[in-house]
Amino acid sequence: MRFEDQRQLLVSELRSDGITDEAVLKAFGSVAREHYVLPEYQIYAYRNKPLPILDKQTISQPLMIALMLQHLELMADDIVLEIGTGSGYEAALLASITKEVCTIERIESLSLSAQRVLREDGFRNIYFRIGDGTSGWQKAYPPYKEFSRIIVSAGADMIPEKLTAQLAEGGIMVIPVGPGTTQSLLKITRQNGELLYSEHGACAFVPLIRTDT
Ligand code: SAH
């Protein structure tokens, strides 16, 4: 079956699994996941499964990404901060829906490979930083101090304070938090200056590695 047809089947699967945000479904229907996986895994690109990428990291399961993006309640004028660029696939989805995406990856080779694919796929509204994302968007262009949406796509043992500090008023952040190999998906919103927290089920992400102190 052609990738295009497999992609539309994945969208139907996400719909029957409870994804109702039309902007999210449309993004999944347009981004070529086969470009973001390793060549040997391209035939599996549209299985609803995580897949290995370089440096022992993974491209997340489509349903997990879709749930996170749905929790983010993305709007066309959002400026999004993503921690864990990885393959670049989630950045592509985010950039298809919102105005700009700033994404941070600690592994240089992964960031450079994501930058190349995203450029080839025509994305011009994504900015990259290589480093520890737990300290947020610092010393990078554009010089944003806060974001309307923040997504962390690696499992954190605690919520990085420098990240919540960059969540704008009325903003939404999603982050998997937990002590071990499984986490709980947290949604954090900032309302009237205060942070509100809600929990949205179990998940399993590769660890968020903190190097900045
Ligand atoms: N969103 C990615 C998923 C990547 S997996 C995709 O669509 O493919 C999580 C990524 O987070 C890994 O690439 C890992 O290297 C990165 N990561 C882990 N800790 C990090 C940190 N402190 N700062 C930035 N990136 C980090």
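Only a predicted model underlies this, so the values are computations on that prediction, with no experimental measurement involved. Starting from 1, each residue takes its place in the sequence as its number. Both counts, for ligands and for their atoms, begin at 1 and track the order of listing.
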query: Can you name the residues that come within less than 4.0 Å of ligand 1, going by heavy atoms only?
result: Q57, T58, I59, S60, E82, I83, G84, T85, G86, S87, Y89, E90, I104, E105, R106, I107, L110, G131, D132, G133, T134, S153, A154, V206, P207, L208, I209
field: Salt bridge R116-E120, side-chain N to carboxylate O under 4.0 Å
entry: yes
Separation of L195 CG from I159 CD1 (nearest 0.5 Å): 8.5 Å
task: Using side-chain contact (heavy atoms from CB on, under 4.5 Å) as the criterion, point out the one residue from Q8, Q6, R7 that pairs with M1.
output: Q6
Return all side-chain donor-acceptor pairs below 3.5 angstrom for residues 173-183, not counting sequence neighbours, or 'none' if the list is empty.
| residue | atom | partner | partner atom | Å |
| --- | --- | --- | --- | --- |
| Q183 | OE1 | F205 | N | 2.9 |
| Q183 | NE2 | T181 | O | 3.4 |
| Q183 | NE2 | F205 | O | 3.3 |

field: I65-L74 co-clustered via ILVMFWY side chain contacts under 4.5 Å
entry: yes
message: Let me confirm one number: the OG1-CG distance from T189 to L167, rounded to the nearest 0.5 Å.
response: 8.0 Å
